[in-house]
Amino acid sequence: MYIRDIAQYEGKEIELKGWVANRRDSKGLVFINLRDGSGLVQCIADQSKLSETEFNNAGKLGLESAISVKGIVVKDERQIGGFELQVLSLHVYQFAEEYPIAKKEHGIDFLMDQRHLWLRSQRQWAIMRIRNTIIYSIHQYFQKEGFVQMDAPIFTGNACEGTSNLFETDFYGDPAYLSQSGQLYGEAMAMAFGKIYTFGPTFRAEKSKTRRHLSEFWMIEPEIAFCDIHQNMDIIESFLQFVIKQVLENCQAELKLIDRDTAILESSLEAFPRLTYDEAVAIIKGEKDVNGQNSIKSLEDELAAVNEQIIALESEITEREEKIAVPGMKKGEINFNQTKIVQLKQALKDAEETQRNIPQWLASAKNFEYGNDLGGSDETVITRLFDKPIMVYDWPHEVKAFYLKRNPEHPRFARGVDVLAPEGYGEIVGGGERETDEQMLRSKITEHDLPMEAFEWYLDLRKYGSVPHAGFGLGLERLVTWMCKLKHVRESIPFPRMYGRLLP
RNA sequence: UCCUUGAUAGCUCAGCUGGUUAGAGCGAGUGACUGUUAAUCACUAGGUCCCUGGUUCGAGCCCAGGUCAGGGAGCCA
């Protein structure tokens, strides 16, 4: 019996097992918010309906104590799920020790240290359930489209794209690296099965400290034989839209719990704009407007808005501080104002950080040098102008991986495609059409200063039935982060691994 | 690796221009209250002011070096 099914049992007696998410008492009454992993329900322990021991135990329950209760389900519109439980008997599995996560705001470092417990909180529960729906619908999409799920190795002997820093391990005395992409193996498997996808962990040893990086994350990499860049973009679009639709249909409650405004998810069900690199650069530099919006001007407007917001926050803080300094105010009102002041100061800190960042982004956008890869801030700048993901394709070949095919009409462009999520989230997918010509690949491998012998098996794929093919890599955590509109990827995975974070 | 912001009670923070015995709220403990939603009210306990060195009659506050953390750049999904 789980809380999520409680509506079917109105007026009936049921048994629930779970943890105490909150407890309050009053004379003769104890209110217990019970959490069982499937949902939350308030249980009322009434002195007149319980034995003395049971009632005393109810009053002693600390947060996260484990209990089971039997009782009658009663409809009550005031409650979270619309129902509450009138307790008839209560069994205690364990009285929990003092729980470190208080019913109050905490700093991120503290919460990350308590990640094993933080996962129990409502917001994390909602995020992880959305993550689960995303994973499930990814499999549903590919399975219904006839893709075969296959796994690329995690230990590899070579740095596949020769770019990222890899984690080195000892493989029976030889150096081996943790995989940073299953891409090349995906191509081999696609030549065997036509359409495949991998879904596995990926490792990057970058000392990145930003809101979009993890050292260990999950990547989905489909690879399709007989597919060009445009068909590849069609697949990316229909795939992402399927996932978004599933989340919208199945996670309404979770989205509401985390206050996700779903307007952008809904508009993402319309066709994604497809821009060439040249068009994207023109937009970033402010040479070309989008829907009447200019990137440079919108940044400047935001900076002005942030400046105003800072002044407003500062004056509200001063005002409230002066108010509580006057003697005679009731304690409850002082508390309320103090809590408010703490929140306002946090908002002020965030605003000041934005205030420091925007000028850097502006400078980066204005001085963007044609031919470079888009930086994190450039992605932020461009995606703020759209209400759905955008696809940028045909990149200068120098900035992209060696295995990408050239545009046959304009060989200075490689047929890569990046999908940038809206609302400033940036790259969630990177992919493209692969080079099919063996000699071309050999010269690119030499050009990138990569060890030829490590790629001989890969080059074999171009000797035996080389065909046009394409694929892409989706960063699961980045998709979860955007869809939940999280501030940081670290909240999108149960136990994040990042620079400086190996525990818990 | 670079730029930037920070570290004070279990947690979130205040602490003025360097000045006597370092504060609040939450949490914990005790008590009051029969409908609470982070309940409320009263009382109690709770401190290596990140570390090392320096300046000073005097340092939580100033200076130097370090550690850890937040944000950004680079790199990327």
Side-chain angles (χ1 to χ4, degrees), chain A residues 21-33 40 42 44 46-48 62-63 76 78-80 84 97-114 161 163-165 180-181 183 202 204-215 217-221 321 324 330-332 334-343 345-346 349-350 352-361 363-364 372-380 399 401 418-421 425-431 472-482 487-490 499-501:
Chain A
N22 197 6
R23 194 207 78 215
R24 297 167 294 282
D25 30 60
S26 198
K27 181 157 185 158
L29 285 177
V30 176
F31 301 94
I32 298 162
N33 279 12
L40 205 62
Q42 172 163 282
I44 290 93
D46 188 327
Q47 192 164 21
S48 64
L63 291 188
D76 186 338
R78 291 171 295 181
Q79 301 310 324
I80 305 163
E84 63 178 19
E97 292 178 26
E98 187 184 333
Y99 192 61
I101 300 179
K103 297 175 282 183
K104 186 181 163 99
E105 286 176 53
H106 290 282
I108 190 65
D109 192 35
F110 174 78
L111 288 171
M112 287 305 309
D113 283 340
Q114 307 294 331
E161 300 178 27
T163 50
S164 299
N165 294 319
Q180 57 139 6
S181 167
Q183 148 80 44
T202 302
R204 306 263 166 102
E206 297 291 348
K207 291 183 179 175
S208 297
K209 283 172 80 89
T210 79
R211 61 183 69 200
R212 36 158 92 82
H213 287 90
L214 291 169
S215 302
F217 61 96
W218 289 74
M219 192 151 70
I220 294 89
E221 293 181 282
E321 276 174 342
I324 59 170
K330 276 187 195 158
K331 201 170 170 192
I334 292 174
N335 282 353
F336 174 79
N337 276 294
Q338 260 168 355
T339 307
K340 198 80 193 169
I341 287 168
V342 169
Q343 285 169 356
K345 284 193 176 172
Q346 190 56 53
K349 267 189 186 170
D350 289 349
E352 283 170 345
E353 209 143 70
T354 312
Q355 189 185 39
R356 281 194 293 271
N357 287 336
I358 290 180
Q360 294 176 32
W361 297 352
S364 159
N372 287 350
D373 203 351
L374 302 192
S377 67
D378 305 312
E379 291 178 359
T380 306
V399 302
D418 282 1
V419 178
L420 309 179
Y425 279 88
E427 190 170 357
I428 53 171
V429 168
F472 60 94
L474 166 77
L476 175 66
E477 285 74 19
R478 287 201 179 164
L479 181 63
V480 174
T481 303
W482 166 58
K487 278 181 138 180
H488 198 296
V489 270
R490 72 188 142 208
Y499 183 54
R501 172 64 62 184

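The chains referred to below are lettered A, B, ... by the order of the sequence lines, with proteins before strands, and numbering in each begins at 1.
- Here A:Gly500 lies in heavy-atom contact (under 4.0 Å) with sugar-phosphate atoms only.
- Taken to the nearest 0.5 Å, the CD atom of A:Gln114 stands 5.5 Å off from the CD1 atom of A:Ile101.
- Under the 3.5 Å distance criterion, the side-chain polar atoms of A:Glu379 are matched with a main-chain donor or acceptor of A:Glu427.
- Distance from the side chain of A:Arg490 is smallest to B:G71 among B:A77, B:G71, B:G72.
- Residue contacts for A:Gly426: at a heavy-atom cut-off of 4.0 Å it reaches no nucleic acid atom on any strand shown.
- At the heavy-atom level, A:Leu214 lies under 4.0 Å from base atoms of the strands shown.
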(request) With side-chain contact (heavy atoms from CB on, under 4.5 Å) as the test, would you mind laying out the steps for A:Leu214 and A:Arg501 before giving the verdict? (result) CA-CA 10 Å; A:Leu214 291 169; A:Arg501 172 64 62 184; over 6 Å; no
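- Remark: the separation of the C1' atoms in B:U12 and B:A28 is 16 Å, to the nearest Å.
- The nearest whole Å value for the distance from the CD1 atom in A:Ile358 to the P atom in B:G71 is 17 Å.
- Contacts of A:Leu29 with the nucleic acid, taken as non-hydrogen atoms under 4.0 Å apart, include base atoms.
- The nearest heavy atom of RNA chain B to A:Asp418 and to A:Gly376 marks one nucleotide each, and the one closer to the 5' end goes with A:Gly376.
- Within the 4.0 angstrom heavy-atom criterion, no nucleotide atom of any strand lies near A:Trp218.
- Across the P atoms, B:A64 and B:G18 are found 15 Å apart, a figure rounded to whole Å.
- Distances shorter than 4.0 Å separate some side-chain N or O of A:His488 from OP1 or OP2 on B:G71.
- Contact annotation for A:Arg211: backbone-only contact, meaning every heavy-atom pair under 4.0 Å involves sugar-phosphate atoms and none involves a base.
- Between A:Ile32 atom CD1 and B:A38 atom P there is a gap of 16 Å when expressed in whole angstrom units.
- Residue order along RNA chain B, read from the 5' end via each residue's closest nucleotide, puts A:Leu111 first among A:Leu111 and A:Glu84.
- At a threshold of 4.0 angstrom between heavy atoms, the contacts of A:Glu352 with the nucleic acid are absent.
- Here the separation of B:A14 from B:A7, taken at their P atoms, is 8 Å to the nearest Å.
- A close approach under 4.0 Å does not occur between any side-chain nitrogen or oxygen of A:Arg24 and OP1 or OP2 of B:A38.
- The distance from the CE atom of A:Met219 to the CG atom of A:Leu476 is 11.0 Å, given to the nearest 0.5 Å.
- A sub-4.0 Å separation between OP1 or OP2 of B:A28 and a side-chain N or O of A:Arg23 is absent.
- B:A77 and B:C2: their P atoms are spaced 26 Å apart (whole Å).
- In this structure, A:Thr481 contributes its side chain and A:Glu477 its backbone to a donor-acceptor pair below 3.5 Å.
- Comparing the same atom, P, in B:C13 and in B:G6 gives a spacing of 13 Å after rounding to whole Å.
- Although no hydrogens or angles enter the test, the distance criterion places a donor-acceptor pair under 3.5 Å between the side chain of A:Arg478 and the main chain of A:Arg212.
- Ion pair A:Glu352/A:Lys349 not flagged as a salt bridge, since none of the NZ, NE, NH1 or NH2 atoms sits closer than 4.0 Å to an Asp/Glu carboxylate oxygen.
- In this entry the distance linking CG of A:Asp109 with P of B:G10 reads 15 Å, nearest Å.
- Nucleotides B:U48 and B:G60, compared at atom C1', are 13 Å apart to the nearest Å.
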(request) Using a 3.5 Å limit on both pairing distances, list the dot-bracket string of RNA chain B from the 5' end; Watson-Crick and G-U wobble pairs count, crossing pairs take [ ], interstrand pairs take |. (result) (((((((..((((.....[...)))).(((((.......))))).....(((((..]....))))))))))))....
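- Side chain of A:Phe110, nearest nucleotide from B:U12, B:A77, B:G27: B:U12.
- The shortest distance between the side-chain N/O atoms of A:Asn22 and the OP1/OP2 oxygens of B:A39 is below 4.0 Å.
- A:His106 places its NE2 atom 11 Å from the P atom of B:C13, with the value rounded to the nearest Å.
- Among the atoms of the strands shown, only primed sugar atoms or phosphate atoms (P, OP1, OP2) are found under 4.0 Å from some heavy atom of A:Asp373.
- A:Ser377 comes within contact range of the sugar-phosphate backbone alone, with a heavy-atom separation under 4.0 Å but no base atom that close.
- Distance alone, capped at 3.5 Å, is enough to place a donor-acceptor pair between the A:Asp378 side chain and the A:Gly375 backbone.
- Taking atom P in both B:G47 and B:G10, one finds a spacing of 7 Å when rounded to whole Å.
- Taking the side chain of A:Glu379 as heavy atoms from C-beta on, and the options B:G72, B:U36, B:C76, the nearest nucleotide is B:C76.
- Within 4.0 Å of A:Val429, counting heavy atoms only, lie sugar-phosphate atoms of the nucleic acid but no base atom.
- Using C1' as the reference atom, B:G15 and B:U67 are 25 Å apart when rounded to the nearest Å.
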(request) Mark up nucleotides 2-9 of chain B, 5' to 3', with B wherever a protein heavy atom is under 4.0 angstrom from a base atom, S wherever such an atom reaches only the sugar-phosphate, and - elsewhere. (result) --SS----
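- Residue A:His213 places a side-chain atom within donor-acceptor reach of the base of B:C76, judged by atom type and a 3.5 Å distance cut-off alone.
- Listed nucleotides: B:A69, B:G35, B:G72. Nearest to the side chain of A:Asn357: B:G72.
- The minimum heavy-atom distance between A:Ile428 and A:Ala421, with the atom names listed, is CG2-CB, 3.9 Å.
- Counted within 6.0 Å of OH on A:Tyr499, heavy atoms from surrounding residues, nucleotides or ligands total 12 or fewer; the atom is thus considered open.
- When all heavy atoms of A:Asn33 and A:Arg24 are compared, the closest pair comes out as OD1-NH2, 3.6 Å.
- A:Gly107 comes within 4.0 angstrom of sugar-phosphate atoms only, judged by non-hydrogen atoms across all strands, and of no base.
- At the heavy-atom level, A:Asp76 lies under 4.0 Å from base atoms of the strands shown.
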